[in-house]
Undergrad: 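Okay, here's the structure, questions in a sec.
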Amino acid sequence: MKMEENNSGIEVPSYFLCPISLQLMRDPVTISTGITYDRPNIEKWLFSCNKTTCPITKQPLSSDLELLTPNHTLRRLIQAWCTLNASHGIERIPTPKSPIDKTHIAGILKQAQNFPNFNHKCLLELKAIVLESERNRNLLAQSVEAFDFLALVIKSGGSNNIGSIELAVEILFHIRSSQTHLKNLVNSDANFINSLTVVLQHGNCQCRAHAVMLLKSSLELADPIRLMSIERELLSEIVRVIHDHISHQASKSALKILAEVCPWGRNRVKAVEGGAVQVLVELLLNLPERRWSELGLVVLDQLCGCAEGREKLVEHGAGVAVVSKKILRVSAMASDRAVRILSSICRFSASVKVVQEMLEVGVVAKLCLVLQMDCSLKTREKARDILKLHSRVWSNSLCIPPHLLSAYPSS
């Protein structure tokens, strides 16, 4: 019999070892190719790593969880070996409990259907199942009945039921349900989005994070007609998520939602009224990471497409300055968006005060520098147009360094 050493230096039979990680198997299962693996490792291979072949034979595998057959004979051999080697400090591996199956899930859902008063208890059971393993999350994601139940709980709405709704949102977030199911839900029932608004208003921080990430996934699948009719309350809550810095992932999801819905004019005004411009300026001031800056400038560019957005930007003491600061410091895309924002300000909101401020905070000097750098043709053309637009005020200013003043375009 071939023998190998585990981490403790004690020799163990090779067939007791997991082929993936070379550790003692605790729950051996045999797959369709006849190879036996430890259950947690092969499930991670199949579901977390999204592999579709046997790690050893490379033969294609089905993702059906029921094809993982418990190898009771090998498990008993391992337990017997552990017992024989107890004097060496080897602990006996406990008999694993039976894994959750579709029948178990169906039983919980049936109980919820027949006894609505037990909904909260059923949700707690489902949450425990989902948090236990990737396998369980995959199993629940395959259940249309589970998706319908969770959606129904969320759509029930109302702050009085917020505890159950929070649980349903968390479970639905973790299982990453079929895009088809989610698309049908978000496009067919406005109550789903409205209920997520309630969660964002009254839920705890963790649940608000789950809700905004679930909302992002939902709105990415929504029809344009649904995106055009986003409620003001929802946009205000999305802005509040960014303001409160609940989590890195939640803030990024909130930014992506704004980028998704703000191409439509009415949504821009609603977002501005919800404080989006102020929050984005603060974000650009305090978070220098490239992706954050790019996302923030994309949304700010969209908001400056309306008069209300431009007004809020020029009102903010650091608004114009922070936009200018991002030019040539982040990326080509960020520079392009920043110049677009300044172009909107110069064309539609250029009061005497604003024009003078742009000169004093270095906007004009930065635009002259853009003309000398290897920026995109579109960005340079837009910078040139801005400089020409207010050349009577800017072209002979002492605020522009001499080496940049020579780049100032002639009228």
Side-chain angles (χ1 to χ4, degrees), residues 27 39-40 43 47-48 64-66 68 70 94-182 184-186 188-218 237 241 246-247 249-250:
D27 186 6
R39 183 186 292 278
E43 287 179 354
F47 307 122
S48 297
D64 191 342
L65 293 165
E66 295 178 354
L68 300 180
T95 301
K97 64 180 181 179
S98 299
I100 300 296
D101 57 19
K102 295 177 182 177
T103 304
H104 187 85
I105 299 292
I108 296 174
L109 297 174
K110 186 174 181 180
Q111 184 183 34
Q113 182 180 6
N114 294 337
F115 306 100
N117 291 337
F118 285 86
N119 272 5
H120 193 80
K121 175 178 176 292
C122 294
L123 287 166
L124 287 172
E125 289 184 45
L126 291 176
K127 176 182 175 180
I129 290 171
V130 160
L131 296 181
E132 186 176 314
S133 68
E134 184 71 25
R135 171 194 178 277
N136 289 355
R137 288 190 282 277
N138 219 286
L139 184 67
L140 203 61
Q142 295 172 7
S143 171
V144 178
E145 294 78 12
F147 178 87
D148 291 342
F149 168 63
L150 295 170
L152 185 63
V153 172
I154 294 172
K155 290 187 295 182
S156 65
S159 55
N160 294 333
N161 196 31
I162 190 66
S164 294
I165 295 174
E166 284 180 343
L167 284 171
V169 167
E170 181 176 0
I171 296 167
L172 197 57
F173 164 74
H174 281 302
I175 65 177
R176 300 181 183 90
S177 296
S178 145
Q179 287 194 344
T180 301
H181 294 155
L182 201 55
N184 291 339
L185 177 62
V186 72
S188 63
D189 198 332
N191 287 334
F192 178 69
I193 299 297
N194 294 338
S195 295
L196 289 179
T197 304
V198 173
V199 174
L200 290 171
Q201 290 172 329
H202 303 287
N204 58 44
C205 288
Q206 184 182 43
C207 192
R208 287 172 66 202
H210 291 148
V212 78
M213 288 184 275
L214 180 58
L215 185 63
K216 180 188 79 72
S217 301
S218 303
E237 291 305 320
V241 167
I246 295 174
S247 73
Q249 196 174 3

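In this chain, numbering begins with 1 at the start of the sequence shown. The figures that follow rest on heavy atoms only: side chains count, while hydrogens, waters and symmetry mates do not.
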Undergrad: Would a 4.5 Å heavy-atom cut-off, applied to side chains only, mark Leu185 and Lys155 as touching?
TA: yes
Undergrad: Which pair of heavy atoms, one from Val130 and one from Arg137, lies closest together, and at what distance?
TA: O-NH1, 2.8 Å
Undergrad: Can you check whether Thr180's main-chain N or O pairs, donor with acceptor, with Asn184's side chain at less than 3.5 Å?
TA: yes
Undergrad: To the nearest 0.5 Å, how far apart are CZ in Phe147 and CD in Gln142?
TA: 14.5 Å
Undergrad: Report yes or no: does Arg39 contribute a side-chain atom to a donor-acceptor pair with the main-chain N or O of Pro70 at less than 3.5 Å?
TA: no
Undergrad: Do you know the tightest heavy-atom contact between Ala211 and Val199?
TA: CB-CG1, 3.7 Å
Undergrad: Measure from the side-chain N and O atoms of Ser143 to the backbone N and O of Leu139, and report whether any donor-acceptor pair falls under 3.5 Å.
TA: no
Undergrad: Of the non-hydrogen atoms in Ile108 and Cys122, which two are nearest, and what is the gap between them?
TA: O-SG, 3.6 Å
Undergrad: Where do Ala168 and Val153 come nearest, in terms of heavy atoms and distance?
TA: CB-CG1, 3.8 Å
Undergrad: I need the Asp27 CG to Leu68 CG distance, nearest 0.5 Å.
TA: 9.5 Å
Undergrad: Which heavy atom of Leu140 sits nearest a heavy atom of Ala146, and at what distance?
TA: CD1-CB, 3.8 Å
Undergrad: Can you tell me if Gln249 has over 12 outside heavy atoms packed within less than 6.0 Å of its CD?
TA: no
Undergrad: With side chains defined as the heavy atoms from C-beta onward, is the minimum distance between Glu237 and Val212 less than 4.5 Å?
TA: no
Undergrad: Is the shortest side-chain heavy-atom distance between Leu150 and Leu123 below 4.5 Å?
TA: yes
Undergrad: Any pair with a residue in residues 165-175 that passes side chain to side chain donor-acceptor pair (under 3.5 Å), sequence neighbours left out, goes on the list, sorted by first then second residue, please.
TA: Lys127-Glu170
Undergrad: Who pairs with Ser164 by side chain to side chain donor-acceptor pair (under 3.5 Å), at least two apart in sequence or on another chain?
TA: His120
Undergrad: From Glu125 CD over to His104 NE2, what is the distance, rounded to the nearest 0.5 angstrom?
TA: 6.0 Å
Undergrad: For residues Val186 and Ser218, report the shortest heavy-atom separation together with the two atoms involved.
TA: CG1-O, 3.7 Å
Undergrad: Just verifying a value: how many Å separate Leu167 CG and Ile162 CD1, rounded to the nearest 0.5 Å?
TA: 10.0 Å
Undergrad: Restricting to side-chain contact (heavy atoms from CB on, under 4.5 Å), what partner residues turn up for Ser188, sequence neighbours left out?
TA: none
Undergrad: Which distance, rounded to the nearest 0.5 Å, do you find between the CZ of Phe192 and the OG1 of Thr197?
TA: 10.5 Å
